[in-house]
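Here is the structure we will look at.
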Amino acid sequence: MLVELKKLIEANPLFRDKLQFPNLKNSRLRTLINQSLNWQHQLCKNPRPNPDIKTLFVDHTCGQPNGARAPSPANNPLLGSLPKAGVFPPLGAHGPFQPTPAPVPTPLAGWMSNPPTVTHPAVSGGAIGLGSPSIPAAALKHPRTPPTNPSVDYPSGDSDHLSKRTRPIGISDEINLPVNVLPVSFTGHSHSHSHSQAFSTPEDLPKTVTRTLNQGSSPMSMDFHPVQQTLLLVGTNVGDIGLWEVGSRERLVLRNFKVWDLGACSMPLQAALVKDPGVSVNRVIWSPDGSLFGVAYSRHIVQIYSYHGGDEVRQHLEIDAHVGGVNDIAFSHPNKQLCVITCGDDKTIKVWDATNGAKQYIFEGHEAPVYSVCPHHKENIQFIFSTALDGKIKAWLYDNLGSRVDYEAPGRWCTTMAYSADGTRLFSCGTSKDGESFIVEWNESEGAVKRTYQGFRKRSLGVVQFDTTKNRFLAAGDDFSIKFWDMDNVQLLTSIDADGGLPASPRIRFNKDGCLLAVSTNDNGIKILATSDGIRLLRTFENLSYDASRTSENSKPTISPISAAAAAAATSAGLADRAASMVSIPGMNGDVRSLADVKPRITEESNDKSKVWKLTELSEPNQCRSLRLPENLRATKISRLIFTNSGNAILALASNAIHLLWKWQRTERNSSGKATASVAPQLWQPPSGIMMTNDVTDSNPEEAVPCFALSKNDSYVMSASGGKISLFNMMTFKTMATFMPPPPAATFLAFHPQDNNIIAIGMDDSSIQIYNVRVDEVKSKLKGHSKRITGLAFSHALNVLVSSGADSQLCVWSSDGWEKQKNRFLQIPTGRTPTAQSDTRVQFHQDQIHFLVVHETQLAIFETTKLECVKQWVPRESSAPITHATFSCDSQLVYACFLDATVCVFSAANLKLRCRINPSAYLPAGVSSNVHPLVIAAHPQEPNEFALGLSDGGVHVFEPLESEGKWGVPPPVDNGSTSSMPATPPVGGSGSDQAQR
């Protein structure tokens, strides 16, 4: 057993080069012991002021207050004198900050130098608009959503420290497994913590001015929505709040400052407002899930709004928070409960319950007005950094025991702090009273400045504001420009003036992806700078407008059988490149506002198109780009297919239980190294020549239901073909583990979005098992279906799991407690009898609120919280059944394949057919008429690229012709008659004006 365990540990890449015991300095060993003692005491149920800890080998617990007290370790030479608070002081310079004679010594030493779990989404800012750290996603690439639901246990499943524990067969998070290990690798792909993937040139910075918005008063603070990354919240110098959809350039909301309940305000505030009603916004920030946003004003007040999508903003909480100005506001999650943190001119930091506004903590100890707060957590320890105008930086735990650190910030005046998006690096930016500005990186384990970045104007003309993005870049507004640094290089990387018109110290704010940058301008405006990805993101939203003419909330789903003749008969006076896109904005209470079925604005492109819309039919090989991937003679029909998350490889699972992996290399013809139909990839095998082959049972392999799931970093694939589930290393093809032998057999697999170690496993006995790989244990068993499970999909925004089965039933389960929330049976269209093997598949829309349902008789889009069908498409009775379908990576298209080998492309907003690819366009003339696609997969970054897995073992990759750039033209939107996705009324401008567009 021990020998096998040793082999398993040594085979895990997580432990590569880490099994040799390192050389340790005595001082480091003392620090580690100190951390352990601290940690034990933090977890003690009855912490006493003088804990008696005699050993590290068993967990310590303090005795009961009335019990016999053991001798105090106060004179232990290892520990030195003990603080009264019952925690252990740092040992010399190995704590994160130099110990100072503070009233309560620091317990930070024990955990500040540890790797973080997940960054807390609210970082510092004061009057300076920092907010959520960027989540490196491009919406689909590598989502890392911070835990936002109050009932999510910390540490979160996506936590780095979880992945670093020794585990029998645990799956590491991305940071531990660089993919570039073998000579033939997934080129350029690694986790965003690593710099091999990231930006080697300034070309990846948002430098192109793509939008100019007129706010009407000077922006003081800005923050992009954490989910809908083109929504920008703005607070101004006259107290106005604006909410912009920067894609369509529409201001959805404008609120002027007013006190909601003057009677509830303190007398000093009432007197101050009578004397001078002028109020400025110091800070605006979204909550981690985007359901709330907070506004800190220059007078006493904090206002919290709830956001319900579109233009629907409601008053949630008003707090008379501080005497004088409220300089900063942030959201935090101590004890699993969402809180609001504020700081102000009265030298205090206060913590409020975000639900009811109750005051939970007040932190006193600063001797000057508190300028900014930066909440964060490491391991299970939640804490807050604060900065004051005298240059002092302090750190607080959520208790009443005082500040844990006290040290000087460079500049000693207005300083803000922020962590990198992954929470591993701490930065601060400050401006002195003399105008000298600093950005520095801190060495947390020693409390010292690690590096100071160069390139500021000698005398800054205002308080410099900064932001971080992509775990790689720093940006600051200085000298009428935006300056950028690589985090690893103190020299200025580049500086841009955004075509001029910027103030001396512009306000700046990145969106989560770092593909958009909002910058304040001199003329009360905002410029939106974008990368190439950002420009594509904005184009997606360019033609959206909030149409008042269609606000039907409860209209029934439209069933629209479509044929080429009927489609060709539809007419339109002109249409834009992108017709109405369905973009739903999540409301945390289940209220969803969608921008579907809105009239497109007419663009120049419409002049090039026929006035009569026609369905695009592709029947010849020269009408699109398609590529059959190199064959493997052992392949039988392709049962499962997926692009890797990096976008440069395709993984297929054949019905004979063998996996096939095709990789594209960087070449002159394919400089990006991404999967493409223009360049053939290599069918890849490791030097050992082994194949990834699943365990199979003795029964008929044709009856087995193959399934697989790929980890977010492409390092592991979990797979089954009727037998045991196998865990394969994608780099070496080695089998890391096998588990859960049938019966029952696994029929569908899905990784939890926030924890690679949690897998939802659908079974052929109709149950769903929630399995923890790391501890080899089934945590929950979900029962609600009556036939085998055929689909599973997680929504990290709603914290739910949606399941579908061969019983044509949909179920929604809470991913917190795994209780069933709702269920519904699909309505099978009259005249259609599904086959016994009819699968129902589910896949979430990019908005994480809607999901696609695929059944051989229909495509449907459901809204999750109400489990209501909002769109449906049914093929004509005479047409072939649907074999599979999927969203494009941006959720604007739906690709569907059929038993007769045709492929159809739909606009996702209304499930209207826009392009049909006939078999003759990609299958050779001599191919049997029985050959048809069984599975379809969408490229993770290219919305117009997809791949098919065929019944003859072939895999084809498709892209439109470069001259076309897209699949057909979206059909015209009917005059509201087919809309069943609720639309929200416009803000500003008349509805009739929009109806005319």
Side-chain angles (χ1 to χ4, degrees), residues 122-132 212-225 231-244 246 251 253-258 276-286 293-305 313 321-322 324-330 342-345 369-374 387 389 413-416 418 429-431 437 460-467 475-478 480 482 498 501-511 517-528:
V123 293
S124 72
I128 292 180
L130 283 179
S132 316
T212 302
L213 313 173
N214 181 19
Q215 176 60 40
S217 49
S218 181
M220 299 297 290
S221 176
M222 300 175 288
D223 196 24
F224 281 98
H225 193 280
L231 283 181
L232 179 66
L233 181 65
V234 182
T236 79
N237 62 338
V238 296
D240 289 352
I241 302 299
L243 181 61
W244 292 84
V246 298
R251 183 161 61 190
V253 175
L254 176 62
R255 294 286 173 93
N256 305 118
F257 172 74
K258 69 172 183 179
D276 178 8
V279 170
S280 170
V281 172
N282 280 340
R283 180 84 152 93
V284 292
I285 189 169
W286 289 100
F293 64 83
V295 188
Y297 291 99
S298 60
R299 300 287 188 86
H300 293 244
I301 287 278
V302 164
Q303 291 179 339
I304 311 293
Y305 290 86
V313 168
H322 295 272
V326 184
N327 295 323
D328 198 9
I329 181 172
T342 61
C343 65
D345 288 345
V370 186
Y371 183 70
S372 72
V373 288
C374 175
T387 72
L389 291 181
W413 190 43
C414 296
T415 297
T416 55
C429 176
T431 302
S437 292
S460 298
L461 300 174
V463 174
V464 169
Q465 182 181 120
F466 90 128
D467 201 356
D478 179 53
F480 307 93
I482 305 129
L502 302 187
S505 300
R507 314 295 188 190
I508 64 169
R509 190 73 179 104
F510 285 105
N511 73 342
L517 176 64
V519 185
S520 64
T521 65
N522 266 330
D523 52 359
N524 298 334
I526 301 158
K527 287 185 178 181
I528 305 297

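Closest of all the heavy-atom pairs between Asn522 and Pro503 is OD1-CA, 3.3 Å. When every heavy atom of Gly525 is checked against every heavy atom of Pro219, the shortest pair comes out as O-CG, 3.6 Å. Between Val302 and Ala296, the closest heavy-atom pair is CG2-CA, 4.4 Å. Ala475 and Ile508 make their closest contact through O-CD1, 3.4 Å (heavy atoms, listed as atom of the first residue, atom of the second, distance). For Cys343 against Val373, the heavy-atom pair with the smallest separation is CB-CG1, 3.8 Å. When every heavy atom of Ala330 is checked against every heavy atom of Ile285, the shortest pair comes out as CA-CD1, 4.3 Å.
Residues Ile304 and Ile329 form a side-chain contact, since some pair of their non-hydrogen atoms from C-beta on lies under 4.5 Å apart. With contacts defined as side-chain heavy-atom distances shorter than 4.5 Å, the pair Ser218/Thr236 does not qualify. Residues Asp345 and Asn327 meet the side-chain proximity criterion, which asks for heavy atoms closer than 4.5 Å. Counting heavy atoms from C-beta outward, Val234 and Leu213 have side chains that stay 4.5 Å or more apart. Taking the side chain as every heavy atom from C-beta outward, Cys414 and Leu389 approach each other to under 4.5 Å. Asp328 is not listed as a side-chain neighbour of Tyr371, based on a closest heavy-atom distance of 4.5 Å or more. Considering only heavy atoms from C-beta on, Arg255 stays 4.5 Å or farther from Leu243 through its side chain.
Here the CD1-CG distance, from Ile528 to Leu517, works out to 8.0 Å after rounding to the nearest 0.5 Å. Interatomic distance, His225 NE2 to Asn511 CG, rounded to the nearest 0.5 Å: 12.5 Å. In this structure, the separation between CG on Asp478 and CG on Leu502 is 11.5 Å, given to the nearest 0.5 Å. To the nearest 0.5 angstrom, Ser437 atom OG is 10.0 Å from Trp413 atom CH2. Here CG of Asn237 is found 12.5 Å from OG of Ser221. Values are rounded to the nearest 0.5 Å. Distance check: Arg507 CZ to Asp467 CG gives 13.5 Å after rounding to the nearest 0.5 Å.
Side-chain atoms of His322 never come within 3.5 Å of backbone atoms of His300 as a donor-acceptor pair (strictly under, hydrogens ignored). Using modelled atom types, one side-chain atom of Arg251 and one backbone atom of Gln215 make a donor-acceptor pair closer than 3.5 Å. Of the possible polar contacts, one joining the Asn282 side chain to the Val326 backbone as a donor-acceptor pair under 3.5 Å is found.
Results of the side chain to side chain contact (heavy atoms under 4.5 Å, CB included) test with Asp240 over Asn256, Val281, Val279 single out Asn256 as the only residue that passes.
For Thr387 and Thr415, the side-chain atoms include no donor-acceptor pair closer than 3.5 Å. Defined by atom type and a distance below 3.5 Å, a donor-acceptor pair is missing between the side-chain atoms of Asn524 and Asn214.
Classified by interplanar angle (parallel below 30°, tilted 30° to 60°, perpendicular above 60°), the ring pair Phe293/Trp286 is perpendicular.
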